[in-house]
Structure formats: C-alpha cells, structure tokens
Amino acid sequence: VLRDEPVLREIRSVPPHSTLHPDGSLTTHEGPRKTARITDAGTAARRFRGVLDDVIADLEPRWSAHCAGLTGGKDSRILAALPKRSSSRWHWLTVSGRDDAEHKGAAATAARLGLEHVSWTEWTADFLAGDAHRVSADLANGVGAVSDNTLLRSSFERYRREALSADERVALWIGTLADGLFA
C-alpha cells in the first residue's frame, strides 16, 4: 500500500525482486543467489520454517511492539505459532463479524497458542461507523474497496491510540504469505 489514495493506476503486476515506488518507477534487486528444485514436502517445510525463523529473529528486536493481524487463516496461524524472543511485545488484532468463521478461528488460535494481548473489533459496527472506512479505504480504479489490509489498518490505528504508548516504535504485520505459497 503506497498511501490512502495511490497515484498509480492500472498496475497489473510488479516483476519479481522489484520495488514499485510512489512516483511509478521500479527498482530491480538481485534475485536469489541460487535456486533449487525441492520435490520433498518435508524438506520444503524445513527450509520455509528456517526462512520464517530468520525473518522473525531479524525484525523482532528492531521494534518496541508488534501488532499482527490474526484472522485464523493459514498465514496468521503460521506467524502466531513461530517462536518469538519476547512474546509479550506481540499484539494480535482481529477484525471480523461477531461469531463468523474468522472470529471463531482467530479466537481458537489465540486460545490454543496462549497468545497475550488479543484484541477483536467487530468490523460492521466499528469500521463502518463514522468515517474510518473513508480514511483508510483502498482505492481500486477510484472505487473504495474493503480489504483485510484496510480493516486491519483502521483497527490498528485505533488500537495503537488506546493500548500502546505514543512513543513506542510499532511494527504492523499483515500477511498473505501462506495464501500465495499454498494456493
């Protein structure tokens, strides 16, 4: 997400190992130094787990607090289950309808993993009230669209004001990693 109202239109895809900048320019980065074909699921899972552990180990110390989306889906369950150095600095945010599948899945994951700092926002009552949806709406060809990122970002902004110190450096995690990998 570049900002609330992207200046770029008609973006169909960004090439692998590239960064799309707000002015429309692309920076291409070096790709992986080596590639391999993995045909064994166990080997693939171990390598994937190693990469995710490295990402958490690298990024966790850089921030005072971490707010992560918790939907009960594959990607948020994977992130929630990864070991953290300081699990008390992780805050889990769920934005869903009361008692819908997402709410139930997130609650079950939080209970099973014993997660601290779990917060739930009922999106139809809280998100659609007032102008929260207008401030943080994603724009798709000029038409507002509600996505997981939009809902979480609005909830995150409110949660930060209410639950975290104003001077804390906070990282926001929202993932669609597993959806892409396991599609």
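Residues: numbered from 1 along the sequence shown.
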Mind listing the closest non-hydrogen atom pair of [X] and [Y] along with its distance?
X	Y	result
Ser76	Gly69	CB-O, 3.3 Å
Ala57	Arg85	O-NH2, 3.7 Å
Glu116	Ser87	OE2-OG, 3.8 Å

Could you state the interatomic distance from [atom1] ([X]) to [atom2] ([Y]), rounded to the nearest 0.5 Å?
X	Y	atom1	atom2	value
Leu115	Leu70	CG	CG	6.5 Å
Thr109	Lys104	OG1	NZ	14.0 Å
Glu168	Cys67	CD	SG	8.5 Å

Min side-chain heavy-atom separation [X]-[Y] under 4.5 Å:
X	Y	result
Arg89	His66	yes
Trp120	Arg98	yes
Leu164	Tyr159	yes
Trp173	Leu79	yes

I'd like a table of donor-acceptor pairs (distance under 3.5 Å, sequence neighbours excluded) in which one partner is a side-chain atom from residues 45-56, with atom names and distances.
from: Arg46; atom 1: NH1; to: Gly42; atom 2: O; distance (Å): 3.3
from: Arg46; atom 1: NH2; to: Thr43; atom 2: OG1; distance (Å): 3.3
from: Arg49; atom 1: NE; to: Asp53; atom 2: OD1; distance (Å): 3.0
from: Arg49; atom 1: NE; to: Asp53; atom 2: OD2; distance (Å): 3.0

Would you kindly say whether His117 and Trp92 are connected by a side-chain donor-acceptor distance under 3.5 Å?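 No.
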Give a yes or no answer on whether the side chain of Glu60 reaches the backbone of Lys84 with a donor-acceptor pair at less than 3.5 Å.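 The answer is no, because no donor-acceptor pair under 3.5 Å joins these two groups.
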